[in-house]
Structure formats: structure tokens, C-alpha cells
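The block underneath contains the structure these notes are about, expressed in C-alpha cells.
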Amino acid sequence: MAHYDAIGTQYDVIKKTPFNKLEQFNFRKHIEPFLQRHGTKVLDLACGTGFYSSLLLEWGASFVVGVDISTSMVNAAKARIAETPYASQARFVQGNGFIPQEYSAENKRFDVVSGAWFLNYASNLDQLASMFRTISTNLNSNGVFIGICMHPTDDLESFASGVNNSAWAQTGVHYEFGNVLPGGIGFPITVFGSVSPDSEVEFGTFHLKKSLYEQAARAGGMAGRIVWQNCEFLGETWREEIGLQGDDDGWRSLQEYPLLCTLLVWKE
């Protein structure tokens, strides 16, 4: 938590990168249909500075509760929402996603739990299962979790090698994989985001095997369908924006080693 308190609004550097355009496009495509239903309540875990919390309301949610482990991030989210037309439709609280608890003030569970880069903070199966328990505790019986996650694969060694030699830095965000975790369950990752030499951010996260996510979902009380939606890439305009219009090898490296996917898991 202290690390993210120190980062604060600096984290929003990533939201200004071409990478975020790709991320936002994929997330919106899969979550917006659920937000168009009347009265959809969303719990936004790892809400950070409220970037997606605000967009969830813009995309159709009726009410959003944002939760983040960092008080600095929560305060920034409150300040952000106060400058939008949705101030009365959101509430932000400090909380730890590793510790299951209910976040609805009305004792009514949520229709959707969102997690834009939430699950990737788990470094092992037990932590991941606890995060899914937080999700299932807050979802109604027909509810769904929708999150931005790492690319789903069990062949993480090949994937890590490919990412480390890819052109992702062109998008303003890139990962560096460290040494494999005990038991070969995944890798620690350092994430670098930059829009200019004087506007950068760096933090750590984890990429665990796809099978661990699915095992943890069941252990955490999510009994419904599990659907992995692979990253869908933007077109030639975005390719030109990131400077790969004449670099077929670099462009291919993004598609062969995508840095994100959208994960949907139903409670029942």
C-alpha cells in the first residue's frame, strides 16, 4: 500500500499512453453490454485513481463503489469523480482485495465486479483464491466478474521470452519478466509506463499460469462459466501512432505476445 501511496496520481501516466487506448477498447467492448441493463451496480476493485470507475458510469452503470488498498489513490478517485456529472453515483473506500469483505452499503450485492489489473497482484494460488473470494462475496447469484488480466497461457517461459524481446515499449507500456516463481507457477514482472522522459511510472506485479486463475476462481466461490477474451488489436491508425507502420516484425510481436486480455467469470 505504501508503494502506491507514493505513486499516487503518477500512476495516471499509463492512462495517457497508446497502450491504454488498446486496453480501454478491449475492456469497454466486453463490459459495456452488462452496464446497459437497468440499475446495474458495479464494484470496481483496485480502482486506483478512479479512471475506470468514471468510465463505467459513463458507459451505463447506475452506481459504482470503488475500492483500492491505497488511501492516496482513493482520495484521488474522490477528487476525480467530483469533477464529473456522476459524483452522486459513486462511493470510494479503502480496502484490501486479499481480505474478503462486503462493500455494499445497502446490503445488496453487486451485478458486476470489475477489476482492471486487480488479479495480477496475486503472487500465488492462495492469494488469488482470496481475491476471487472477495469477488464472489460481493456478487449476486447472477453476477459476473469482468477484469483486465495478463494474457492466458500455461507456457509462461516462452511467453516471457517473447515479451522481453517484443516491441511493446513502443506503446508507452512494457513489461520485464524476472526469475520464475517457486514451483514454476508464474513470474514477477516490472511494469514500465512512460509518455516522456520526465513522465514515467514503474511498479511490480505478477503473471501466473492460466490454470491457476481457473483453479483459484473455483476455490474462491465462482462456479459459473470462465471465458478468456484475447486482446483484439486496433487498426492501422493505432499502428501508425506507435510507430510500427513500417515494422512488420514489431507489429507481429505485439500480436504474438499480447500483454492483456479480458477475463469474464460468472458466479453461478
Side-chain angles (χ1 to χ4, degrees), residues 23-24 26-70 73-74 77 81 86 89-122 127-150 152 205 208 212-229 260-268:
E23 172 188 295
Q24 190 179 147
N26 280 270
F27 191 45
R28 181 176 186 174
K29 177 178 180 178
H30 296 294
I31 200 169
E32 189 171 31
F34 294 91
L35 306 179
Q36 299 297 313
R37 301 170 183 174
H38 177 71
T40 300
K41 288 178 54 185
V42 181
L43 176 63
D44 188 22
L45 295 173
C47 70
T49 63
F51 179 83
Y52 278 116
S53 303
S54 298
L55 286 176
L56 291 169
L57 290 163
E58 182 180 316
W59 297 340
S62 65
F63 196 86
V64 171
V65 175
V67 177
D68 200 272
I69 196 169
S70 164
M73 293 283 198
V74 168
I81 204 72
Y86 309 111
Q89 296 171 252
R91 180 170 60 89
F92 295 95
V93 297
Q94 190 273 335
N96 186 343
F98 288 130
I99 303 173
Q101 69 177 82
E102 293 188 13
Y103 288 103
S104 175
E106 304 85 12
N107 295 317
K108 294 181 180 179
R109 293 182 176 178
F110 296 87
D111 305 294
V112 174
V113 173
S114 68
W117 303 117
F118 169 57
L119 297 175
N120 50 286
Y121 290 108
Q127 289 183 345
L128 197 54
S130 292
M131 296 169 106
F132 274 111
R133 179 61 64 186
T134 295
I135 292 166
S136 65
T137 295
N138 283 281
L139 275 175
N140 65 38
S141 59
N142 296 315
V144 60
F145 167 77
I146 306 171
I148 303 172
C149 297
M150 301 295 187
T205 184
L208 303 183
L212 248 67
Y213 276 78
E214 296 176 350
Q215 184 180 348
R218 299 306 186 215
M222 301 292 284
R225 286 189 299 146
I226 298 175
V227 177
W228 298 91
Q229 298 285 0
L260 63 95
C261 78
T262 308
L263 172 62
L264 295 86
V265 186
W266 279 260
K267 184 172 180 177
E268 297 183 359

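Proximity of Met131 to Phe145: side-chain heavy atoms (C-beta onward) are nowhere separated by under 4.5 Å. Considering only heavy atoms from C-beta on, Leu263 comes within 4.5 Å of Ile226 through its side chain. The shortest distance between side-chain heavy atoms of Gln215 and Leu128 does not fall below 4.5 Å. Taking the side chain as every heavy atom from C-beta outward, Leu139 and Trp266 never approach each other to under 4.5 Å. Side-chain contact check for Tyr52 versus Gln24: some heavy-atom pair is nearer than 4.5 Å. You'll find the side chain of Pro152 stays beyond 4.5 Å of the side chain of Tyr213, heavy atoms only. Looking at heavy atoms from C-beta onward, Gln94 lies in side-chain contact with Ile69 at the 4.5 angstrom threshold. Residues Phe27 and Ser114 are in side-chain contact: their nearest non-hydrogen atoms beyond the backbone lie under 4.5 Å apart.
Once rounded to the nearest 0.5 Å, the distance linking CD of Glu58 with CD of Glu32 reads 9.0 Å. For the atom pair CD1 of Ile135 and NZ of Lys267, the computed distance is 11.5 Å after rounding to the nearest 0.5 Å. Atom-to-atom distance recorded for Arg28:CZ and Leu35:CG is 9.5 Å, nearest 0.5 angstrom. Atom-to-atom distance recorded for Ile31:CD1 and Asp44:CG is 7.5 Å, nearest 0.5 angstrom. In this structure, Ser53 OG and Tyr86 OH are separated by 13.0 Å, a value rounded to the nearest 0.5 Å. Going from atom NE2 of His38 over to atom OG of Ser62 covers 7.5 Å, rounded to the nearest 0.5 Å.
Counting only distance, with no hydrogens or angles, the side chain of Asp111 and the backbone of Lys41 share a donor-acceptor pair below 3.5 Å. Looking at Gln127, its side chain never comes within 3.5 Å of a backbone N or O of Leu119 through a donor-acceptor pair. Asn120 contributes a side-chain N or O that, together with a main-chain N or O of Phe118, makes up a donor-acceptor pair within less than 3.5 Å. Under a 3.5 Å cut-off, the side chain of Glu268 and the backbone N or O of Gly224 do not form any donor-acceptor pair. The backbone N or O of Ala219 lies less than 3.5 Å from a partner atom in the side chain of Arg133, making a donor-acceptor pair. Thr40 places no side-chain N or O within 3.5 Å of a backbone atom of Gln36 that could act as its donor or acceptor partner.
When all heavy atoms of Thr134 and Pro100 are compared, the closest pair comes out as OG1-CA, 3.3 Å. Residues Phe92 and Gly50 come closest through the heavy atom pair CE2-CA, 4.4 Å. Glu23 and Ile148 make their closest contact through CG-CD1, 3.5 Å (heavy atoms, listed as atom of the first residue, atom of the second, distance). Of all heavy-atom pairs between Gly220 and Ser136, the closest is O-OG, 2.6 Å. Of all heavy-atom pairs spanning Leu208 and Leu212, the tightest one is CD1-CD2, 4.3 Å. For the pair Asp68 and Ser70, the tightest heavy-atom approach, listed with the atom from each and the gap, is OD1-N, 2.9 Å.
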Full working for side chain to side chain contact (heavy atoms under 4.5 Å, CB included) between Trp117 and Met150: CA-CA 8 Å; Trp117 303 117; Met150 301 295 187; 3.9 Å; yes

Side chain to side chain contact (heavy atoms under 4.5 Å, CB included) assessment of Asn140 paired with Phe110: CA-CA 6 Å; Asn140 65 38; Phe110 296 87; over 6 Å; no

Full working for side chain to side chain contact (heavy atoms under 4.5 Å, CB included) between Arg218 and Phe132: CA-CA 8 Å; Arg218 299 306 186 215; Phe132 274 111; over 6 Å; no

CA sep, side-chain torsions, deciding dist, call: Leu45, Asn138, side chain to side chain contact (heavy atoms under 4.5 Å, CB included): CA-CA 11 Å; Leu45 295 173; Asn138 283 281; 5.9 Å; no

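For the side-chain contact (heavy atoms from CB on, under 4.5 Å) with Val42, the qualifying choice from Val113, Val65, Val64 is Val64, the only one to do so.
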